[in-house]
Every structure is written in C-alpha cells, then in structure tokens.
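Report on the structure given below.
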Amino acid sequence: MNIFQSLIIKKVTGAYPALKELVGAALFENPKNPEFGDTALPCFRFSSVLKKSPAAVAEELRNLFEEDDSFESVTNINGYLNFKYRKERYIEYVCGSFEKNTLFNDIKSYGGGKTVVIDYSHPNVAKNMGIHNLRSTIIGQSIYNIHEFLGFKAVGVNHLGDWGTQFGKLMWALEEWSSYEEVENKGILFLNEIYVRFHNEAEIKPELEEKAREWFKKLEDNDEPALKWWKLFIKVSMDAYNDIYRRLNIKFDHITGESFYIKFLDDTVNRLDERGLTEFSEGALVVKFDDSENMPPCLLKKSDGATLYATRDIAAAMYRLIEFKPNRVLYVTDVAQELHFAQVFKVMEMYDPTNKDIFRHIKFGRLSFPNVQMSTRKGNIVPLSEVLDRARDKVLDIIEERNADIPDKLQTADKIGIGAVIFNDLSVSRIKNIEFDWDKTLSFEGETGPHVQYSYVRIMNILEKTGSFDTIADLSLIKDEFSYDLIKLLEQFEPKVKQACEEYEPSVIANYLIELSKSFNRFYQNNRVVGEEVKTMQSRAYLINILGTVYGKCMDLLGIPKIDKM
RNA sequence: GUACCCAUAGCUCAAUUGGAUAGAGUACCUGGCUACGAACCAGGCGGUUGGGGGUUCGAUUCCCUCUGGGUAUACCA
C-alpha cells in the first residue's frame with residue numbers, strides 16, 4: 001500500500017468508522033482502464049454496511065476528497081471510486097522509495113529470518129541429468145532466490161538419489177564389461193550406456209537381476225569393492241551435475257543423498273511405532289489413513305523387511321525438522337509425486353500435529369519433448385547438457401547473422417541459450433505441462449528470454465552513455481505518459497515479488513519482467529535520453545537507472561543471465 | 001472404478017484471487033530506421049472463457065453435472 005492509499009483509508013474510516021473492518025490493502029485495485037485513474041476503491045462491499053447502493057456510497061465517499069490536493073481527480077464510476085494521484089507527488093514518492101535502496105531494505109525484512117528449506121533438483125546418481133530434471137532445478141533455484149531476497153533464511157537441499165538396486169546392476173555390469181579407469185575417463189554418459197546394455201541383456205537373461213541384487217547387498221554390507229564403485233559413481237555424477245549447475249547458476253547449501261538417511265531408518269520406524277501409527281497389512285508394515293483422506297496406506301517396510309522411498313523421505317523430513325528447525329519445508333517435484341508427498345506429509349502430521357503447516361509439495365507439470373518417451377532404461381532421455389549446447393549453437397548462428405562483431409560470442413550465446421531455456425520454463429504457471437519447442441524457446445521476439453535480455457542490454461547501454469553525474473535529478477521534468485506508466489509499474493515490484501513468494505510462482509516475476517520490458521520499450525521509442533538537454537537527460541537517466549536496478553533484480557531472481565552486448 | 005490436476009483468440013499463455021468493456025505474445029495484414037541497438041514501436045484482424053445448471057448486486061474465478069486431456073492409485077524411486 002502506498003501513501004496515497006493510506007491517506008484514502010484514513011479519511012474513509014475517519015468519516016465512516018463502521019467501515020473499519022472492511023478496509024484493507026486488498027481492497028484497492030488497479031483500474032483496468034488507466035483513463036479511470038491510478039488506483040480504485042470498489043464500494044460494493046460497503047453498500048451492505050451503509051445500506052446504500054454502491055454508486056451512492058461511492059458518491060458520498062467522493063465528497064470527502066473535494067478539498068484534497070493529493071489527487072488530481074476523484075471520480076465515481078459504476079460503484080468504483082477512482083483516484084488520480086497528483087503526478088509530481090507520486091513520482092517523487094515512488095522514486096524516493098527506491099532512493100538509497102530503502103525499498104529494497106523494506107522488502108528484505110519481509111521474511112523476518114524465518115527458515116525455509118527447499119528441496120530441489122535431486123537427480124539420480126549415475127543417471128545423466130535430463131530435461132526432466134530441469135524444471136525442479138530452475139523452479140527450485142528461483143524460489144530459493146526469491147525467499148533469500150525477501151529475508152528468509154533459505155536452505156537449499158539437493159537430495160541425491162544415491163541408493164538402490166540400480167547400483168547393483170551397474171556394479172555387476174562394470175565388473176564384467178569394463179574397468180574403474182574406463183568409467184573415470186568416460187564419465188556419466190558411459191554409465192548410462194552400461195545401464196541400458198544391462199537392461200537389454202537382462203531381458204534375455206533374467207538371472208542378471210539376481211546378480212544385481214547380490215551386488216547391492218554387498219554395498220549395503222559395506223563391502224570394499226562395492227563401496228569403491230559406489231563412490232566412483234557419485235564422483236563421476238557430481239562432476240557432470242556441477243558442470244550444469246555452474247552453467248545455470250544453481251547453488252545448494254546441503255547435498256545429502258538418500259544413503260545418508262539409511263542409519264536413521266530404524267529409529268524413524270520405531271518412533272512411528274511408539275505413537276501407535278503402524279500396523280501390518282498384507283505382510284507389509286504400513287501407516288493407514290482415515291477413510292476421509294481417501295489415500296492408500298503408506299508403506300514403510302516391504303514384506304521382506306526392506307524399507308521404501310516413503311520411509312526414507314519420512315526419515316529425511318524428521319532429520320530436517322531437527323537439523324534446520326524450519327518454518328517451512330518445500331519439495332519441488334513433478335506433479336506425479338503428489339500422492340507420495342500427501343502420504344508422507346500426513347504421516348508427519350499424525351506423528352506431530354504441529355507439523356501440519358510446515359511441509360509443502362511445490363508441484364509442477366510435465367516438460368516433454370515432442371515424440372520422445374522418457375525412459376532411462378531404454379536410454380532415450382534427452383541429456384540436459386545437450387539441450388543447453390544445442391541452444392547455444394542455434395543462438396550462435398543467429399548472432400553471426402545479426403550482430404557478428406560483439407565480443408565473447410560463444411559465452412554470450414551460451415548465456416542467451418540458457419536464459420531462453422529458463423524463461424521458457426518459468427514464464428508459465430508451474431502446474432501447466434510444457435511441450436518443449438525449439439522455435440518458440442529460442443525466438444528472439446515477443447515474450448521470450450532473449451527479448452528480456454535484449455531490453456536489459458538497451459537499458460544498460462543508455463546508462464553507459466549518460467555516465468554518472470553528481471547533481472540531483474529534477475523529477476519535475478518527468479511529465480510524459482510513458483515515464484508515468486513506467487513508474488506505476490515500478491511501484492508493482494514489491495507486491496509482485498511478494499506474490500511470487502507466497503504462491504511459490506516464479507512466473508509472476510517472469511510476467512512482470514515482460515510488462516517492464518514492454519513499458520520500457522515504449523518509453524524508449526518516445527523519449528530520448530542521450531543527447532537531450534542536460535536536465536532532461538539527467539531526470540530520464542535517473543528513472544532508467546531505477547528501472548535497471550529493478551529489472552536486473554528480477555532477472556537475478558529467475559536466474560536469467562545478464563548480458564552487456566548481444 | 002476412485003482421487004487429484006488441466007481446459008480462455010488459429011497457436012502459447014495472462015486476468016489484481018468474486019469486480020469495470022476478458023488482456024498479452026505469436027501467426028496473418030498495414031505503417032515506422034539519416035535514431036540511446038528495428039531482437040523495437042504504432043495500428044488492424046481474432047472470444048458463447050469446453051457444454052449445461054446453480055450460488056449473488058456481480059462468475060474465467062466458487063458449487064453440482066457432463067465432455068475431452070493428463071497424473072496417481074501397496075511392497076520401484
């Protein structure tokens with residue numbers, strides 16, 4: 001809420017105390033048609049309290065502002081009370097709030113240091129990171145960035161899939177067909193090949209599955225050769241993952257695989273036992289839910305006594321509660337795991353009712369390639385590194401065509417490719433399924449990553465050319481509608497970032513970035529900065545400088561690389 | 001079978017969380033570079049918000065139902 005809106009509320013509740021309970025920030029709306037005004041107060045909800053029609057209420061309230069010189073006009077249209085701010089005061093107010101980063105400081109206290117644990121990316125060791133890992137990784141990182149910016153204590157967790165019989169398969173296969181050195185040299189793609197080959201052979205010779213189980217048992221028993229293989233898998237995998245994380249600017253505070261929680265499993269099951277939550281059903285140890293939950297039971301142990309995915313996630317959840325004392329724990333995964341997390345969270349709540357509001361499944365829709373079925377076993381997943389390389393190469397072609405003389409072409413192309421891939425993902429609501437489309441993603445026009453980066457380049461070029469100056473900009477020179485629209489949009493920065501945080505929706509910021517870009521480009525078309533009369537240039541450069549800060553921050557929050565020249 | 005999610009312009013998506021004449025991009029058709037970068041700007045075309053009921057001052061939004069698509073559904077993760 002800005003100072004004008006505070007003033008409106010103060011006057012309205014002063015004159016009509018009965019409205020006090022109804023009036024709040026949520027009541028103000030941005031008029032659909034900017035001709036109406038800068039902010040609007042819908043009077044529909046007041047009408048029942050004051051026993052008058054909305055239009056009559058609006059008319060009465062309008063009279064309160066007859067003498068008020070904070071507003072250029074106050075009009076009553078269809079039950080909406082529309083306010084036009086006194087422009088120069090509004091401009092001063094918005095620009096002032098960005099001055100010396102006071103607004104940023106205000107935003108940064110929003111989280112109040114509350115701890116939010118965010119579990120994202122979590123690739124499966126020895127498996128190549130594919131396009132299916134992409135969404136979790138970049139959505140998770142963006143949510144992390146947003147929380148951190150808003151003053152939460154964000155804890156990024158990479159929960160590696162580093163345990164299970166698939167490692168037994170690899171160990172047996174490598175002992176037979178390969179060597180430690182070969183794996184070390186050829187890396188993770190080689191492990192994928194071996195994995196596929198194992199499954200092909202196992203279709204003919206089912207006894208191989210038994211061999212794999214034997215090797216996994218060796219691993220569970222800390223057998224030295226098995227352990228050596230396993231450690232190699234992790235090293236080779238992390239090398240590959242870190243390459244991608246570096247390119248995408250992904251960071252974690254804790255990297256702990258499933259194997260880390262093995263030692264807590266017995267204790268976890270015991271705790272649930274002590275609360276009387278467990279029972280045997282069809283030979284398996286389960287937690288059953290109330291009928292109203294409409295969920296199948298959560299399996300803790302198979303009939304053979306082995307633990308399951310859910311058991312490990314419950315153990316991990318309990319560990320995180322103790323280790324991080326979080327106010328919230330977010331799991332950024334595919335929507336397909338909805339039931340799994342619903343079960344795990346319910347078990348956590350049954351164990352301790354105060355856990356009810358802590359855990360959240362941040363689910364997202366499928367990202368698919370046209371005509372590609374994902375299956376690691378068949379080996380036809382699309383490796384993420386190849387996607388990024390291909391994006392870079394396609395961008396490189398376009399750069400050669402349009403602007404061949406920029407420096408660091410390869411590096412720039414990589415950043416544009418990455419920005420394109422990230423923006424393509426983050427610009428739509430999480431829940432939507434996305435079919436990856438090269439042409440759409442790498443298009444340089446319209447609502448795309450390259451376009452967002454291009455506008456930033458233009459902003460920065462202006463600032464580079466105006467240089468810095470000591471004199472204070474004369475804001476009264478800002479009068480045109482394009483600047484004013486831009487300023488109104490800049491005021492939205494704080495609410496937009498908060499909304500993105502509350503809804504765990506980076507797309508809110510992506511869409512805001514598009515709005516900023518459009519508004520800036522209109523400004524750019526109609527207002528020159530460089531070459532104008534000094535005072536005018538300074539006032540415009542001042543505005544563009546604020547825009548650059550906000551724009552750049554939004555790019556940072558999404559993880560879109562910033563570029564000087566493109 | 002059951003549960004959850006999705007359905008808005010030819011296509012990809014928004015819509016201030018129940019508000020004003022449902023908005024952008026793209027595609028298509030016009031017009032604009034002797035310019036701080038035309039990867040841009042201005043204009044045009046395009047809608048029974050999947051169908052039908054209901055709730056109310058007001059529904060793309062909430063409820064019911066039907067249709068179409070997706071996901072999950074006990075010893076994989």
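Any value given below was found using the heavy atoms of this structure, including those in side chains, with hydrogens, waters and symmetry copies removed.
- Using atom P as the reference point in both C4(B) and U65(B), the two lie 10 Å apart (nearest Å).
- Separation of the P atoms belonging to A27(B) and C40(B) is 10 Å when rounded to the nearest angstrom.
- Residue Gln453(A) contributes atom CD, which lies 16 Å from atom C1' of C40(B) at whole-angstrom precision.
- Side chain of Glu338(A), nearest nucleotide from C57(B), C4(B), G37(B): C4(B).
- Distance noted for atom P between U71(B) and G25(B): 33 Å (whole Å).
- When the P atom is used for both A74(B) and A3(B), the distance is 16 Å, rounded to whole Å.
- Nucleic acid contact class of Met295(A) (heavy atoms, under 4.0 Å, all strands): none.
- Taking the ring axis of Tyr524(A) as reference, the NZ or CZ atom of Arg458(A) stays within 45° of it and closer than 6.0 Å to the ring centre.
- Pairing for C4(B) goes to G70(B), judged as Watson-Crick or G-U wobble with the two contacts each under 3.5 Å.
- For Val286(A), the listed nucleotide lying nearest its side chain is A74(B); candidates were U73(B), A74(B), A38(B).
- Of the listed nucleotides (A38(B), C36(B), A14(B)), A14(B) has the atom at the smallest distance from the side chain of Ser429(A).
- How far CG of Leu513(A) is from OH of Tyr456(A): 11.0 Å, rounded to the nearest 0.5 Å.
- The side chain of Leu299(A) lies closest to A74(B), out of U21(B), A38(B), A74(B).
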In a table with atom names and distances, give each donor-acceptor pair under 3.5 Å that connects a side chain of residues 31-38 of chain A to protein atoms at least two apart or in another chain.
from     : atom 1 : to        : atom 2 : distance (Å)
Asn33(A) : OD1    : Glu35(A)  : N      : 3.0
Asp38(A) : OD1    : Lys488(A) : NZ     : 3.0
Asp38(A) : OD2    : Tyr85(A)  : N      : 2.8
Asp38(A) : OD2    : Tyr484(A) : OH     : 2.9

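- Nucleic acid contact for Arg402(A): base, since at least one base atom lies under 4.0 Å from a heavy atom of the residue.
- Between Asn294(A) and Pro31(A), the one whose closest nucleotide on RNA chain B sits nearer the 5' end is Asn294(A).
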Grab the N/O contacts between the protein and nucleotides 22-27 of chain B below 3.5 Å, and write none if there aren't any.
from   : atom 1 : to        : atom 2 : distance (Å)
A24(B) : O3'    : Lys518(A) : NZ     : 3.4
A24(B) : O2'    : Glu447(A) : OE2    : 2.6
A24(B) : O2'    : Lys518(A) : NZ     : 2.4
G25(B) : O4'    : Glu447(A) : OE2    : 3.1
G25(B) : O2'    : Glu447(A) : N      : 3.2

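- Separation of atoms CD1 (Ile139(A)) and CG (Leu558(A)) is listed at 11.0 Å; rounding is to 0.5 Å.
- When Watson-Crick and G-U wobble pairs are counted only if both distances are under 3.5 Å, A42(B) pairs with U30(B).
- Pro297(A) has its side chain out of reach of Val287(A): every pair of non-hydrogen atoms, C-beta onward, lies at least 4.5 Å apart.
- Along RNA chain B, the nucleotide nearest to Gly164(A) and the one nearest to Phe36(A) differ in position, and the one closer to the 5' end is contacted by Phe36(A).
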**Report entry** Candidate pair Phe167(A) and Phe216(A), rule ring pair (Phe, Tyr, Trp, His ring centres under 6.0 Å), full reasoning
**Finding:** CA-CA 6 Å; Phe167(A) 298 106; Phe216(A) 181 58; 7.6 Å; no

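- Side-chain nitrogen and oxygen atoms of Arg528(A) include at least one within less than 4.0 Å of the OP1 or OP2 phosphate oxygen of C36(B).
- Annotation: side chain of Phe520(A) is in contact with side chain of Leu547(A) (closest heavy-atom distance under 4.5 Å).
- Comparing the same atom, C1', in G53(B) and in C11(B) gives a spacing of 31 Å after rounding to whole Å.
- When distances are taken from the side chain of Arg522(A) to each of C41(B), G37(B), C36(B), the shortest belongs to C41(B).
- Within the 4.0 angstrom heavy-atom criterion, no nucleotide atom of any strand lies near Asp162(A).
- Nucleic acid contact for Asn403(A): base, since at least one base atom lies under 4.0 Å from a heavy atom of the residue.
- Not a single donor-acceptor pair, N or O on each side, falls under 3.5 Å between the base of A14(B) and the side chain of Ser507(A).
- For Ser237(A) (side chain) and Ala126(A) (main-chain N/O), a donor-acceptor pair under 3.5 Å exists by modelled atom type.
- Minimum atom distance to the side chain of Asn33(A) is reached by U21(B), of the listed U21(B), U16(B), U73(B).
- Between G70(B) and Lys432(A), no contact under 4.0 Å exists linking OP1 or OP2 to a side-chain N or O.
- Residue-level contact check: Pro42(A) touches neither bases nor backbone, having no heavy atom under 4.0 Å from any strand.
- Here the side chain of Lys565(A) is nearest to one of A74(B), U16(B), G37(B), namely G37(B).
- Using a 4.0 Å heavy-atom distance criterion, Ala284(A) is classed as a base contact.
- Closest approach to the Asn433(A) side chain among G70(B), A14(B), U71(B) is made by G70(B) (side chain taken as heavy atoms from C-beta onward).
- Within 4.0 Å of Ser455(A), counting heavy atoms only, lies no atom of the nucleic acid at all.
- Taking atom C1' on both nucleotides, C28(B) is separated from G70(B) by 32 Å, rounded to a whole Å.
- Pairing of G25(B), defined by two Watson-Crick or G-U wobble distances under 3.5 Å, is identified with C11(B).
- Distance, Ile262(A) CD1 to A77(B) P: 10 Å, rounded to whole Å.
- With hydrogens and angles ignored, a donor-acceptor pair closer than 3.5 Å exists between the side chain of Asn82(A) and the base of A20(B).
- Taking atom C1' on both G46(B) and C29(B), the two are 12 Å apart, rounded to the nearest angstrom.
- Closest to the Asn30(A) side chain, of the nucleotides C36(B), G70(B), U16(B), is U16(B).
- Val529(A) comes within 4.0 angstrom of a base, heavy atoms only.
- Proximity of Lys440(A) to the phosphate of C13(B): no side-chain N or O atom is located under 4.0 Å from OP1 or OP2.
- Side-chain N/O atoms of Arg540(A) include none lying less than 4.0 angstrom from OP1 or OP2 on C36(B).
- For the pair His451(A) and C40(B), the criterion of a side-chain N or O lying under 4.0 Å from OP1 or OP2 is met.
- Residue Ala306(A) is out of contact with every strand shown, counting any heavy-atom pair closer than 4.0 Å.
- Residue His361(A) forms a ring pair (Phe, Tyr, Trp, His ring centres under 6.0 Å) with just one option from Phe345(A), Tyr504(A), Phe341(A), and that option is Phe341(A).
- Note: CG (Asp334(A)) to P (U71(B)) measures 10 Å, nearest angstrom.
- Without hydrogens or angle criteria, Arg430(A) side chain to Lys363(A) main chain gives a donor-acceptor distance under 3.5 Å.
- As rounded to the nearest Å, G43(B) and C13(B) have C1' atoms that lie 23 Å from one another.
- Minimum atom distance to the side chain of Asn461(A) is reached by C36(B), of the listed A77(B), C36(B), C40(B).
- When atom types are taken as modelled, the side chain of Thr448(A) and the backbone of Ser443(A) share a donor-acceptor pair closer than 3.5 angstrom.
- The distance between atom CZ of Phe364(A) and atom C1' of U71(B), rounded to the nearest whole Å, is 13 Å.
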